[in-house]
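Notes follow once the structure below has been shown.
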Amino acid sequence: MKHNLISLTNMIRTRFAPSPTGYLHIGGVRTALFNWLFAKQAGGQFILRIDDTDAGRNVTEAIQPILDGFRWLGMNWDEGPEVGGPHEPYFQSGRDELHKQAAAKLVESGHAYRDYAKPDEFNALRQAAEKAKVPFVYDRRWMACDDAAAAAFEAEGRTAVVRLKMPREGQCVISDLVRGEVRIDWASEQDHVIQRADGSCLYHLASVVDDNDFEISHVIRSEEHLSNTPRQIFILESLGYERPVYAHLPYVAEPGGHSKLSKRKLAKYQKNKDFANLMERGSKIAERCGIATEADTFNPVIVDFYREIGFTPDAILNYLLLLGWSLDGEREKFSVVEMTKLFSLERVTKAPASFDPQKLLAFQGDAFAALPLEERIAKTKPFAIASGLIQDGDAESEGKLEDVVEAAGDRLKIAGDILDFDYCFVDEYAVNAKAYAKRITKPESAKALLGKLRVPMEQAEAFDAASLEKLVKQFCEDEGIQIGEIIHALRVATTGSPAGFGMFETLAVIGKDKAVARIDAVSLR
RNA sequence: GGCCCCUUCGUCUAGCGGUCUAGGACACCGCCCUUUCACGGCGGCGACACGGGUUCGAGUCCCGUAGGGGUCACCA
């Protein structure tokens, strides 16, 4: 829908600006989600910009996983890579000229200066201040006041960076939609470099210039940027730009901890039981489906992980929404449409929220169970095919998949869980040794009963669940035993597992031949 | 270390001075249902970091302490 009647200057425009790292961080998704919801709610635009000023990386390759991640999650962007827009390019590297012009303008207006300090000279100053335990204030001794001074420095063989000539009095007041009013003394700020000696520009300058050019109205980002805000405000005001509205979100913290969730700390998270369980669950699915499991992208910090093992995008969005936001403390389930209507920055919490794999999984389980049967079948199918459980296009095995998914019901929490029921499909399946000992080896009558039961089973004309139930119950009556005395052994013998969906549905889906053969294999051993 | 931010059950959170013997969700523990597991139902465990104020009254306001975190690059 276009809003031609609304002037562009009043438009709500938000952005998410990932660096091309090759993966989409779950915390980044949360930040992007809040930006996206805020824009969508207001009928505004959500823009994707790639902050690729770090040269030498293969950008195209490294942004693909990020773009794919957003697409999979259903978070469309109104302007950005692949979709274009009126402010192209959407790659920071392609906007270098704009940044350089801004830097020149700042020097021109006296808000920045050429600084001819050599890196070690400057560092020496900084270290001296540190050693003396006094706040470092650069005395600007290598600042070029004018072209003549610059020429003199250059005659010495020096090269210049451009530094901000930051105020040293007063306060920078940030009105933040999440944190309220934040005041920072200008004196505590440094003369930050905005342009390198080689002429390339640094992030803060680029970011401010691009946000202005893109007409970003609300800068919604993670709180680690709060301390960067004063310098950005100085840049933007010096350039005569209008100040965007700021909202600094708490970051997503590590499971069971309070520091920022980082993919570099995977080893540490592995010690967290819930995180390790999720990881292991995913790895099992991935290995059997031939999915690459490089630690770089295949782990619960990265969105790809969830896509690969069959999570539902909406469940992830819903869970992430609650990481730092709540409607009223009661309601937790929201469709994407609902969250778009109900989200508000005012209700974002201030404290970091730690990532809880268990709750994510609970949301996922509910979301998956709520899907219509056909969708659950469609979602599990690729996993069944990839792991060799069924053959694509083979009507018989596909029919079996449908039966299993239906019978499994909410025991399937993620699509990849279909592999838990591999014994329904294939000949080779794992036997749970503990269950075998408990239900077959230990009870003295187990093998004998199984040996007897296989006779009427083999003779059965109908091998559907209802008929099987009748058959087994009749058998128990004839033998004068409780159903519990045979059914556990039956399950372990035919599935190898102590748990699963209904016994009779299980037998029906396994089929007479296999079921009887499995019983024989056990009872005759 | 300087500056800034944050602090309610294990975790996510509700609470915007009296309705709080602090509510919900996930997890956990019982019981029920049941051929197992899961679901579901019922119940339970479990928190206002601490210390001062302000107030008739504080989880809610103020100050301090402690703790946690972020940030201090010619990274983004």
Side-chain angles (χ1 to χ4, degrees), chain A residues 17-21 51-54 92 115 117 119 122-123 126 129-130 133-136 159-163 174 176 178-179 182-185 187-190 192-204 206-207 222-230 248 250-251 253 255-260 273-274 319 322-333 347 349-363 365-366 369 408-413 420 435 439 469 472-473 476 482-488 490-492 495 497-504 506:
Chain A
S19 321
T21 50
D51 284 3
D52 60 345
T53 49
D54 196 2
Q92 214 159 51
D115 184 62
F122 193 87
N123 289 337
R126 182 154 41 203
E130 205 169 297
K133 289 185 177 162
V134 294
F136 173 57
T159 51
V161 296
V162 174
R163 282 185 192 278
I174 306 164
D176 191 284
V178 173
R179 317 212 160 240
V182 178
R183 295 165 174 276
I184 294 158
D185 290 338
S188 66
E189 290 287 313
Q190 301 297 319
H192 305 283
V193 173
I194 53 173
Q195 188 172 23
R196 298 183 182 94
D198 69 2
S200 61
C201 293
L202 265 6
Y203 169 76
H204 294 290
S207 181
S222 184
E223 69 176 298
E224 60 254 35
H225 287 286
L226 187 56
S227 338
N228 300 328
T229 308
H248 286 94
Y251 54 82
H258 297 286
S259 26
K260 195 167 65 165
K273 198 173 109 264
D274 300 331
Y319 173 72
L322 262 23
L323 230 42
W325 179 86
S326 73
L327 180 68
D328 53 14
E330 298 284 325
R331 183 166 167 199
E332 293 201 313
K333 298 297 171 65
R347 291 197 59 85
T349 54
K350 295 179 180 187
S354 90
F355 175 74
D356 180 358
Q358 279 196 97
K359 189 151 182 171
L360 204 210
L361 203 55
F363 270 57
D366 290 348
D410 50 32
R411 272 161 272 244
L412 292 173
K413 293 199 186 300
D420 290 345
R439 322 245 64 148
E469 178 164 7
V472 173
K473 282 189 171 156
C476 290
Q482 294 294 309
I483 196 166
E485 292 177 53
I486 178 73
I487 207 155
H488 301 295
L490 218 205
R491 182 182 292 282
V492 174
T495 71
S497 166
F501 51 84
M503 186 69 256
F504 308 113
T506 303

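Just so it is clear, the structure is predicted and the values come from calculations on it, not from any experiment.
- Remark: P of B:U11 and CZ of A:F363 are 17 Å apart, rounded to the nearest angstrom.
- OP1 or OP2 of B:G15 sits under 4.0 Å from a side-chain N or O of A:R347.
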Once base and sugar-phosphate atoms are separated, protein heavy atoms under 4.0 Å mark nucleotides 3-8 of chain B, 5' to 3', with B, S and - as -SSSS-

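- When the nucleotides B:U11, B:A76, B:C12 are ranked by their closest atom to the side chain of A:D356, B:U11 comes out on top.
- In this entry B:A58 has no Watson-Crick or G-U wobble partner, no candidate having both defining distances under 3.5 Å.
- Residue contacts for A:G256: at a heavy-atom cut-off of 4.0 Å it reaches no nucleic acid atom on any strand shown.
- The side chain of A:K359 lies closest to B:C12 when the candidates are B:U36, B:C12, B:G23.
- Taking every side-chain heavy atom of A:A353 into account, B:U13 is the closest of B:U36, B:U13, B:A76.
- Side-chain atoms of A:H225 lie closest to B:A76 of the nucleotides B:U11, B:A38, B:A76.
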Close N or O pairs between protein and nucleotides 31-33 of chain B (under 3.5 Å):
none

Atom pairs under 3.5 Å: protein N/O with N/O of nucleotides 72-74 of chain B:
from: B:C74; atom 1: O2; to: A:A197; atom 2: N; distance (Å): 3.4

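- Listed by chain and number, the residues in a salt bridge (charged side-chain N to carboxylate O under 4.0 Å, His left out) with A:D366 are A:K333 (sequence neighbours excluded).
- If you take NZ of A:K333 and P of B:U13, they are 17 Å apart, rounded to a whole angstrom.
- Taking a pair to require two hydrogen-bonding distances under 3.5 Å in either a Watson-Crick or a G-U wobble arrangement, B:A66 pairs with B:U7.
- Partners of A:K473 by salt bridge (charged side-chain N to carboxylate O under 4.0 Å, His left out), not counting sequence neighbours, listed by chain and number: A:E469.
- Heavy atoms of A:S207 sit nowhere under 4.0 angstrom from any nucleic acid atom.
- Comparing atom distances between the A:E332 side chain and each of B:G23, B:A25, B:G70 picks out B:A25 as nearest.
- Remark: A:R347 pairs with no residue by the salt bridge (charged side-chain N to carboxylate O under 4.0 Å, His left out) rule, at least two apart or across chains.
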